[in-house]
Amino acid sequence: MKSFKRFLLLAIVASLAVFAAACGNANNNGGNEGTSEGASAEGGEELEGSVVIDGSGTVFPFMSVMAEKYMTEAQEGVSVEVSRAGTSAGFKKFLVEDGTDFNDASRAIKDEEKAQAEELGIDVKELKVALDGLTIVINKENDWATELTEQEIIDIFLAEGGKKNWSDVRPEFPDEPIKTYGPNENHGTYEFFWEVILDEKDLAEGTNLQQEYSTLVDLVSKDKNAIGFFGYGYYESNQDKLTAVNVDFGNGPVAPSLDTIAEDGDYAGFTRPVFTYLNTNMAKEKPQVLDYAIYTMKNAQAVAADTGFAPLTDEQINTYVEELEGLK
């Protein structure tokens, strides 16, 4: 498997290139006109215009690499701009008049967001692009908490768990304060962790929440007593700085990996789908947007594996492609 770190670097380069290209297009945030013909790349037609994507920081590496591939291998005349405001912040940019074309999300769209889309007359299509494993990370010097049960992790991050020192988790652990870290409320990863794992209960007092995943990596890597959470891809690209906790869901410790991350696999307890949401109205108006959606699903498996995600099945991919082709 190609190194995720290599592709993350490519993603950053691609993002800069995308930004530069986007600057040459006026009013690219949903207002650009596509080509007048309805043909896509599948028919050999050269397309022009922009595709604007925002949302999840977790999905950002996947979508940045996808955008680079599309612009270099499929449609050089299309500018694909990928940003990472976070899932919830991204939906705010997506669910407005002339909003973004896609919103990447590390959690499913909420009922209130669906209602907002309906009020605005925006037809939203959910596209699952891959599977991610929520990964619990610790400092490289932490040699005592490399294996934890699911309940121990929950208790560490819950205010009511009462685990202030590591020795509160297990008596043989050091009598040192636990420092908890995670992404902030803008991120679907936070919402998944808080809603699904913690059952919407208060986080441990003093939990350090950050907007940037790179900041979280840095903080945990410098704090021996730190424990944090984010998507598997960010761990995979920082294995030299962090250790992933093997989680015991009841049948022995399981290490997060592309082999164990699956909705019915050994790491199922911390596995979640990640998405991109398509504004179908835009896809019907701008052929480059629909073309990019089809390209994304056709290439989702390869890009997922290259960027630290577990791929979907052939059946799932084919279903999405057929549905998107039906929008032509």
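Just so you know, these numbers use all the heavy atoms, side chains as well, and skip hydrogens, waters and symmetry mates.
- Ring geometry, Y267 versus F270: the interplanar angle exceeds 60°, so the pair is classed perpendicular (tilted spans 30 to 60°).
- For the residue pair D291/Y70, the side-chain donor-acceptor check at 3.5 Å is satisfied.
- At a threshold of 4.5 Å between non-hydrogen side-chain atoms, the residues T58 and R272 count as touching.
- Heavy-atom neighbours of E315 CD from other residues, nucleotides or ligands within 6.0 Å: at or below the threshold of 12.
- Between the side chains of Q151 and D155, at least one donor N or O lies within less than 3.5 Å of an accepting N or O.
- The shortest heavy-atom contact between V289 and F102 is O-CZ, 3.6 Å.
- With no hydrogens or angles considered, a side-chain donor-acceptor pair links Y181 and D223 at under 3.5 Å.
- Ion pairing between a basic and an acidic side chain is recognised when a charged N comes within 4.0 Å of a carboxylate O; R170 and E152 show such pairing.
- The minimum heavy-atom distance between V169 and I178, with the atom names listed, is CG2-CD1, 3.8 Å.
- The aromatic rings of F94 and F91 stand perpendicular to each other, their planes meeting at an angle above 60°, with 30° marking the opposite boundary.
- Between K110 and E191 there is a salt bridge, since a side-chain N of the basic residue sits under 4.0 Å from a carboxylate O of the acidic one.
- The shortest non-hydrogen separation linking A293 to L278 is CB-CD2, 4.1 Å.
- Using bins of under 30°, 30° to 60° and over 60° for the plane-to-plane angle, the ring pair Y213/Y234 lands in the parallel bin.
- For the residue pair R107 and S56, no side-chain donor N or O sits within less than 3.5 Å of a side-chain acceptor on the partner.
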